[in-house]
Amino acid sequence: MASSFEQPCDEGSSQPAAEAEWRLSHVRGDLFSCPRDEALAHCISEDCRMGAGVAVVFKNKFRGVEELKQQKKLTGQCAVLSRGGRFIYYLVTKKRYNQKPTYESLRGSLEDMKSHCVTNGVTRISMPRIGCGLDRLKWEAVEEILEEIFRNTDISITVYSLPVKSETMAMKDNK
């Protein structure tokens with residue numbers, strides 16, 4: 001797997017267009033600091049509740065809950081909004097907000113997202129550790145699914161995680 005760990009990127013920066021192969025990168029930092037031309041992705045439920053975790057930020061930042069509901073996407077599919085010249089992917093991984101996704105529902109929604117990306121020329125996606133926060137999936141398994149689905153594409157994925165508080169404190173202490 002082509003995987004790397006990078007420092008957070010500035011909003012205005014972008015990767016060179018010459019990079020046209022699958023790559024999974026990890027970044028510690030704010031997901032919303034990614035380049036403005038990258039697609040974003042995260043997990044939601046069919047009811048589009050988005051009442052906890054990073055979903056709340058997506059709901060407040062990009063709005064469009066009614067637009068998402070009108071798409072009538074089911075578990076294992078992907079709803080899409082177009083905002084500011086980029087796509088925002090809503091991976092529908094469970095029926096109701098209070099349920100937990102399965103690896104199969106995540107796989108289906110990622111396959112649906114991949115189809116949309118290929119059709120629309122999307123080659124870069126930024127996302128949190130999808131399904132692994134409140135939804136409790138194991139990152140190692142999710143990472144394997146990402147590789148299986150995207151490895152034969154030119155779609156690069158950057159996964160953002162927030163710095164661990166103790167690491168942040170240690171960095172401050174060492175300055």
Side-chain angles (χ1 to χ4, degrees), residues 8-14 24-117 119-120 122-139 141-143 145-146 149-150 155-165 168:
C9 51
D10 296 327
E11 276 192 50
S13 71
S14 63
L24 180 63
S25 302
H26 298 271
V27 173
R28 286 211 177 117
D30 180 3
L31 170 64
F32 300 101
S33 71
C34 76
R36 291 181 187 180
D37 62 344
E38 286 193 12
L40 293 170
H42 76 110
C43 298
I44 65 167
S45 54
E46 281 183 36
D47 58 15
C48 300
R49 188 81 173 264
M50 294 185 277
V54 73
V56 174
V57 181
F58 273 84
K59 181 169 73 172
N60 292 335
K61 190 170 185 70
F62 301 110
R63 310 253 177 237
V65 172
E66 286 308 311
E67 191 178 341
L68 291 168
K69 286 180 178 179
Q70 289 171 2
Q71 293 179 38
K72 297 183 175 158
K73 296 295 182 172
L74 302 174
T75 301
Q77 295 181 320
C78 180
V80 185
L81 294 178
S82 179
R83 297 288 189 268
R86 68 176 168 185
F87 293 109
I88 313 300
Y89 293 110
Y90 294 80
L91 304 166
V92 182
T93 59
K94 55 193 177 184
K95 189 159 187 66
R96 297 190 38 78
Y97 75 94
N98 59 349
Q99 296 174 329
K100 298 296 179 209
T102 65
Y103 292 105
E104 279 310 304
S105 65
L106 177 63
R107 179 183 298 279
S109 63
L110 287 168
E111 289 280 5
D112 200 25
M113 179 176 75
K114 178 179 93 172
S115 294
H116 185 276
C117 289
T119 300
N120 291 281
V122 175
T123 58
R124 295 178 314 174
I125 305 168
S126 288
M127 63 178 62
R129 286 183 169 220
I130 54 172
C132 297
L134 298 172
D135 283 337
R136 307 252 190 254
L137 296 178
K138 302 272 187 248
W139 176 246
V142 171
E143 194 172 35
I145 292 168
L146 285 168
I149 292 171
F150 291 97
I155 300 166
S156 292
I157 296 175
T158 304
V159 177
Y160 283 77
S161 9
L162 294 173
V164 178
K165 287 181 184 179
T168 305

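Closest of all the heavy-atom pairs between C43 and G131 is SG-N, 3.8 Å. Shown here for A39 and V122, the closest heavy-atom pair between the two residues is CB-CG1, 3.9 Å. When all heavy atoms of R63 and L81 are compared, the pair lying nearest together is O-CD1, 3.6 Å. In terms of heavy-atom proximity, G53 sits nearest to L134 at N-CD1, 3.7 Å. Here the closest non-hydrogen pair linking K73 and C78 is CE-O, 3.5 Å. Scanning both residues, I125 and C117, for their nearest heavy atoms gives CD1-SG, 3.6 Å.
You'll find the side chain of L91 reaches within 4.5 Å of the side chain of L110, heavy atoms only. Using a 4.5 Å heavy-atom threshold, the side chains of K95 and D47 count as separate. Between K61 and I88, the closest side-chain pair of non-hydrogen atoms is not below 4.5 Å. For the pair L68 and Q71, the minimum side-chain heavy-atom distance is below 4.5 Å. Using a 4.5 Å heavy-atom threshold, the side chains of R129 and V142 count as separate. Side-chain atoms of Y90 and C48, non-hydrogen and from C-beta on, never get closer than 4.5 Å to each other. Inter-residue side-chain proximity for R86 and D37 is flagged as unmet; no heavy-atom pair is nearer than 4.5 Å. For the pair D135/K94, a side-chain contact is recorded, criterion being any heavy-atom separation below 4.5 Å from C-beta on.
Between atom NZ of residue K114 and atom CD1 of residue I155 there is a gap of 7.5 Å, rounded to the nearest 0.5 Å. Here CD1 of I130 is found 7.5 Å from CD1 of I157. Values are rounded to the nearest 0.5 Å. Note: L74 CG to S105 OG = 12.0 Å, rounded to the nearest 0.5 Å. Atom CD1 in I145 sits 7.0 Å away from atom OH in Y103 (nearest 0.5 Å). Taken to the nearest 0.5 Å, the OH atom of Y89 stands 10.0 Å off from the CG atom of D112. The CG atom of L31 sits 9.0 Å away from the CG atom of L162 when rounded to the nearest 0.5 Å.
A side-chain donor-acceptor contact under 3.5 Å links S109 to the backbone of L106. Listed for the E38 side chain is no donor-acceptor partner under 3.5 Å among the backbone atoms of R124. When atom types are taken as modelled, the side chain of D30 and the backbone of F32 share a donor-acceptor pair closer than 3.5 angstrom. Between the side chain of R49 and the backbone N or O of Y97, no donor-acceptor pair lies under 3.5 Å.
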ask   = Step by step, would you call L24 with F150 a side chain to side chain contact (heavy atoms under 4.5 Å, CB included)?
value = CA-CA 9 Å; L24 180 63; F150 291 97; over 6 Å; no
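Between H42 and F58, the two ring planes are parallel [angle under 30°; tilted spans 30° to 60°].
For K138, the NZ atom is loosely surrounded, since the number of other residues' heavy atoms within 6.0 Å does not exceed 12. Shown here is R107, whose CZ atom has more than 12 heavy atoms of other residues, nucleotides or ligands within 6.0 Å.
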